[in-house]
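Reminder, nothing fancy here: chain letters follow the sequence lines and each chain counts from 1.
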There are 2 protein chains.
Amino acid sequence: MITTQQSAPPAPAGLRARKKQRTRDALLRAALLLFVSQGYEETTVDEITEAVDVSQRTFFRYFVNKEEVAFAVQTLVEEHFVAALRARPAAEGPLLAMRNAVLDSWDTVGEAIAEVVPVDLYMRTYQLIESTPALLAVHLRRSAELEEQVARLIAEREGLDVEADPRPRVAVAAFCGVMRVTGRLWGRGEDTSIEAIRRLTERYLDHIGGALAADWR
Amino acid sequence: MITTQQSAPPAPAGLRARKKQRTRDALLRAALLLFVSQGYEETTVDEITEAVDVSQRTFFRYFVNKEEVAFAVQTLVEEHFVAALRARPAAEGPLLAMRNAVLDSWDTVGEAIAEVVPVDLYMRTYQLIESTPALLAVHLRRSAELEEQVARLIAEREGLDVEADPRPRVAVAAFCGVMRVTGRLWGRGEDTSIEAIRRLTERYLDHIGGALAADWR
DNA sequence: CAGGCTAGTGACAGCGACTGACACTTCACA
DNA sequence: TGTGAAGTGTCAGTCGCTGTCACTAGCCTG
C-alpha cells in the first residue's frame, strides 16, 4: 500500500557495506537506549562510542551531530507520511487527503520502525524529544521543513503555484499546527500506543472546522 | 493603548544598576551588529566581549547562552502582542481577537524596539534568525511556548478549560501556523518595513477560512 | 565618614561537542 | 596478487559553556 522509499535495506552488497550498516545500527540503538535511560544532555558522545567500541570520530562520520541520531527514526516516519500523502487519490480535497494520509501511515509505520529499533524504544525517544528543550527545538525546525514540502505537494495536487496562492501554505500550516498539538499531548499522556495517537489525531482534526468559527458559544 | 510591561526602564536607581544596564545594552548591540554583519555561527562570544571589553564570563552572566542574545528584542515584541491580546474586548471571538491584537501591536511595537536597538537592526536580526538553522530551531520552540500561553489566554476569555476542550489549542495552532508563514515570507522578501508585515498578515489571515474549505475549485 | 557587606567582574581551569589532518588497516576489484 | 580507496583511530585544536575563587567598587549602616 505504502511505498517505503529507502527503508528496509535488503542485505547490502559487499562485506564492507554490511559492516558499515551494522556500525550505524549499533550506534543508533546504543544512543537511543542511553538517551531514554539517562537523558539526552546527560549522555556524552564518548559514552555512546564506548558502548559500541568505536572512536568518537567515527560517530561523527555517521551522524553530523549528536542531535541527528535522535531523529533517525523520526525521519523514517516522515517519509512514510509523505509517501501516504502521494498515494491519496487526486479527487480528495487538501484537508481530507492530509487527514487520510496521517491515519493511513499510522496503520503501517509500525512495521517500518520495527526493522530498525523496537517500536517501544521509538516511542520513548519521541517523548524524550518533546521534553528536552534542545531536541524539541530541532524537532520543530524539522517539522517546518516537512511542512514546506507538504505545502508544495498540496499545491501540485491542486494545480496551484505555492508562491502565488496563499491557500496551500495556510492550509498546511493550520493542519500541521493541529498535528503538533496532538503529538505533544500524546507524548505527555500515559497511553503511548499507536492506537492512542490515531484516536487523538482523529479527535483533534475533527475540531478544526469548529475551532475556526467566529463564535464558539 | 498597549501597556508595555518591563520595557523602558525609567533610569534605574543606583550607579551600580545603571552600569549594569549599560553593559547589557552594549553586549546586546555589539552581538547583533556582529551577527548581522558576519553571521551568527561565524561570530564567537570572544569577539562580542572583546568589542565591549569585558570578559567572556561576564557575557554568560547576562545571557544564559549565545542564542539568547539574538532573541532579546524578539521577547519584547512577543510581550507586546500578549499585552495587545489582553486588551481586546471580551466580546470579540477568538480568531478576531488574535487578528486584531497582531495588527494593533504592529502599530505600536516600533517605538518599544527603538528604545533598545535601531528598528533596522532588529529587522535584519529577524531575517538572520529565519535563515540560520540553529536560531530558527530556537525561534520555533519559543513560538511554541508563546502559543501555549496564548491558548490559555483564549481559553480564559471564552471561559473554557484548555485541557478539556480542544478548540483553544486548535484555533491558536492554526492561527500561529499562519502567522509563522507570514513571518517567514516577510523575512525572505525585500520589503522589510513594518507596513509590509502588516499587509502580509492581513492578507494571509483573510485566507484562513477559504484554505480550510473542503474543496478549493 | 569609616568600615563591613555584597554585587559584579576577571582570571583560570576544565568539560563536552565538534573538526581537520594524517597515518593505518582492510576490503574491493582489476 | 597487488593497488586504490573506503573506513577507522589518533591527536591536536577551537568554541560554547561552567565552577571556583579572588578582587574591586558601589552601598549601607553605625
Exercise. Identify, residue by residue, the members of residues 131-143 of chain A with a heavy atom below 4.0 Å from DNA chain C, and return them in order of residue number, or none.
Key: none

Exercise. Determine which pairs satisfy side chain to side chain donor-acceptor pair (under 3.5 Å) with at least one residue from residues 23-35 of chain B, sequence neighbours left out, and list them in order.
Key: B/Q21-B/D25

Practice problem: Return the orientation label for the B/F71 and B/H139 ring planes: parallel under 30°, perpendicular over 60°, tilted otherwise. | Solution: parallel

Exercise. List in numerical order all residues of residues 28-37 of chain A for which some heavy atom is under 4.0 Å away from an atom belonging to DNA chain D.
Key: none

Self-check item: Whole-Å distance separating the CG atom of B/L15 from the P atom of D/dC28
Solution: 12 Å

Quiz item: For the pair made of NZ in A/K66 and P in D/dC17, what is the distance, rounded to whole Å?
Solution: 14 Å

Would you tabulate the pairs of protein nitrogen or oxygen atoms and nucleotide nitrogen or oxygen atoms of nucleotides 1-5 of chain C closer than 3.5 angstrom?
none

Practice problem: Determine, stepwise, if the pair A/Q38 / A/T43 fulfils side-chain hydrogen bond (donor to acceptor under 3.5 Å, both in side chains). | Solution: CA-CA 7 Å; A/Q38 63 185 38; A/T43 304; 3.2 Å; yes

Quiz item: Going by heavy atoms closer than 4.0 Å, what residues in residues 44-65 of chain A are next to DNA chain C?
Solution: A/T44, A/V45, A/Q56, A/R57, A/F60, A/R61, A/V64, A/N65

Quiz prompt | Contacts of A/E78 that satisfy salt bridge (Lys or Arg N to Asp or Glu O under 4.0 Å) - sequence neighbours left out | solution = A/R142

Quiz item: Does A/R152 come within less than 4.0 Å of A/E156, counting only side-chain N to carboxylate O?
Solution: no

Quiz item: Excluding sequence neighbours, so at least two apart, what forms salt bridge (Lys or Arg N to Asp or Glu O under 4.0 Å) with A/E50?
Solution: none

Quiz item: Does CD in B/E163 sit with more than 12 non-hydrogen atoms of other residues, nucleotides or ligands closer than 6.0 Å?
Solution: yes

Self-check item: Listed once per pair and sorted, the side chain to side chain donor-acceptor pair (under 3.5 Å) pairs that draw on residues 58-69 of chain B, sequence neighbours left out
Solution: B/S55-B/T58

Exercise. Whole angstrom is fine here: how far is it from CD in A/Q21 over to C1' in D/dG7?
Key: 15 Å

Exercise. Can you sort out the partners of B/R124 under salt bridge (Lys or Arg N to Asp or Glu O under 4.0 Å), two or more places apart, ordered by chain and number?
Key: B/D120

Practice problem: Please report, rounded to the nearest Å, how far the P atom of D/dA6 is from the NZ atom of A/K20. | Solution: 9 Å

Self-check item: Aromatic ring pairing B/Y40/B/F35, orientation class (parallel under 30°, perpendicular over 60°, tilted between)
Solution: perpendicular

Practice problem: Using salt bridge (Lys or Arg N to Asp or Glu O under 4.0 Å) as the criterion, list what pairs up with A/E147, not counting sequence neighbours. | Solution: B/R180

Quiz item: Between B/E67 and B/K19, which has a closest nucleotide on DNA chain D that is more 5'?
Solution: B/E67

Self-check item: Residue pairs involving residues 39-49 of chain A (criterion salt bridge (charged side-chain N to carboxylate O under 4.0 Å, His left out); sequence neighbours excluded)
Solution: none

Self-check item: ring pair (Phe, Tyr, Trp, His ring centres under 6.0 Å) partners of A/Y122, counting only residues at least two apart
Solution: none

